[in-house]
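These notes concern the structure reproduced below.
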Amino acid sequence: DGKDGVQGHGKCDYETVFTNAKAGMDNVDKDYVRDMVYEMSKNSKFFVNEQQKNQQSDERNKRLKARVEALTQAELNSACQIADRFIDSEDDGRDLSRTFVHVDMDAFFAGIEILKNPDLANVPFGTGSLAMLSTANYEARKYGVRSAMPGFIAKELCRKPSPRSNLKPAELLFVGNYRHGEYSHVSKQIMKVLEGFDPHIKRAGIDEAYLDVTDYMKKHDMTPTQVADKIRSTVENTTVTFLQHPTPAAGLTCSCGVAPNRRLAKICSDIRKPNGHYILPPSRDAILHFVSTLPIRKVNGIGRVSERMLQHVYGVTQCGQLLEHRAAICASLRPLTWKWLMGVGLGL
DNA sequence: TACATACAC
DNA sequence: TATGGTGTATGTA
């Protein structure tokens with residue numbers, strides 16, 4: 001019924017779980033996916049529990065918002081001064097001298113399965129179970145299937161694709177998780193290769209890593225583009241070598257983000273996914289422009305709860321707005337929290 | 001210390 | 001039929 005547009009209880013709340021865009025899902029009929037997820041979820045215990053949690057966070061947000069609205073002009077002014085001092089000093093200390101790369105494997109588990117059995121590339125499949133998928137291949141993503149989606153819902157999305165799409169009904173294939181040992185093994189090999197670019201590489205989960213390539217670039221006299229291309233081809237070549245499959249045409253691909261710090265590099269690696277790279281130049285202007293309209297949810301560390309809080313309490317949906325609302329944010333959140341958020345707004 | 005919440009993969 | 005398992009960080013009693 002058309003009444004659930006407001007907040008708190010309808011499918012509009014629930015949609016945030018699976019409709020935020022993932023790579024390869026640009027042409028997905030998001031409304032259709034949202035409705036399907038809602039229809040298949042609405043009577044479950046899980047759904048009720050989710051709504052309860054949303055309601056609790058809404059109440060917390062309301063209390064916080066009341067506190068913000070009760071702030072006096074004097075309090076806001078003094079908070080603004082404190083925030084400004086902090087922001088200036090952070091901005092002064094901005095380090096643009098180093099180059100970081102975030103390397104993110106494309107549909108990692110699915111990619112390995114395709115190398116094992118190339119026929120899988122042309123049919124929609126996911127790794128995991130009817131209860132939960134850990135990865136979907138790009139064929140499945142066309143139907144709106146994505147990681148962390150319950151398999152039974154994914155299956156239904158493939159069986160009954162959106163009438164507004166030109167997708168043919170398909171049977172989603174499930175590949176069980178029995179090869180997890182191999183996934184870890186492949187991951188270790190990739191990390192080893194990446195250490196050639198930075199011996200102090202930071203792993204982030206099984207299929208991601210942060211590299212500081214400053215020294216590597218200097219030593220080999222390379223541009224950011226050259227480094228990103230080299231990393232991508234090296235990863236692809238090594239995976240094709242040690243995964244020995246029947247038709248050794250291509251290995252696993254990855255995407256890279258290049259930026260003056262890890263936080264920005266991570267965001268950049270998602271932009272040209274799959275099998276691409278994006279470079280954010282090391283200039284203050286470029287960075288401030290980049291973050292000004294960047295949705296806060298893209299930032300690592302801002303999840304469902306923080307997104308709702310910033311939106312409902314301060315009206316902030318983009319990183320740049322964090323700076324505009326610095327007075328209220330500084331006056332109402334803990335020091336560690338508001339300082340972290342100002343760093344996000346500055347693209348630090 | 002122990003438990004709870006948020007977040008990420 | 002059916003919505004994970006694990007690790008990290010931070011906050012709170």
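The structure presented is a predicted model; accordingly, all values stated were derived computationally and were not measured.
B/dC7 and C/dG4 are spaced 15 Å apart, taking the C1' atom of each and rounding to whole Å.
Among the protein residues, A/V48 comes within range of no part of the nucleic acid, since none of its heavy atoms lies under 4.0 Å from any strand.
Between A/M132 atom CE and C/dT6 atom P the separation is 14 Å, expressed in whole Å. When the C1' atom of B/dA8 is taken as reference, atom CD1 of A/I206 falls 14 Å away, rounded to whole Å. Note: CD1 (A/I153) to P (C/dG4) measures 11 Å, nearest angstrom. Between A/K298 atom NZ and B/dC7 atom P there is a gap of 16 Å when expressed in whole angstrom units. Rounded to a whole Å, the NZ atom of A/K53 is 11 Å from the P atom of B/dC7. Note: CE (A/M149) to C1' (B/dC9) measures 17 Å, nearest angstrom. If you take CD of A/E156 and P of C/dA2, they are 15 Å apart, rounded to a whole angstrom. Regarding A/F46, its CZ atom lies at a distance of 18 Å from the P atom of C/dT1, rounded to whole Å.
Using cut-offs of 30° and 60° for the angle between ring planes, the A/Y183 and A/F109 rings count as parallel. Ring planes of A/F86 and A/W338: perpendicular class, angle over 60° (limits at 30 and 60°).
Checking the phosphate oxygens (OP1, OP2) of B/dC7, a side-chain nitrogen or oxygen of A/S306 falls inside 4.0 Å. Contact between the side-chain N/O atoms of A/R60 and the OP1/OP2 oxygens of C/dG11 is not found at any separation under 4.0 Å. Considering only side-chain N and O atoms, A/R334 lies under 4.0 angstrom from the phosphate OP1 or OP2 of C/dT12.
Checked against a 6.0 Å centroid threshold, the rings of A/H325 and A/Y314 do not count as neighbours.
Of the candidates C/dA2, C/dG11, B/dC7, the closest approach to any side-chain atom of A/T337 belongs to C/dG11. When the nucleotides C/dG11, B/dC7, B/dA8 are ranked by their closest atom to the side chain of A/V305, B/dC7 comes out on top. Considering only side-chain atoms of A/N300, the nucleotide from B/dC9, C/dA2, B/dA6 that sits closest is B/dC9. Nearest nucleotide to the side chain of A/K266, out of B/dA8, C/dA2, C/dG11: B/dA8. The side chain of A/L130 approaches C/dT1 more closely than any other nucleotide in the set C/dT1, B/dA8, C/dT3.
With A/D212 contributing its side chain and A/I201 its backbone, the two residues share no donor-acceptor pair below 3.5 Å.
Ion pairing between A/R94 and A/D91 holds under the 4.0 Å rule for side-chain N and carboxylate O.
Across every strand in view, C/dT3 sits unpaired, with no contact that passes the Watson-Crick or G-U test at under 3.5 angstrom.
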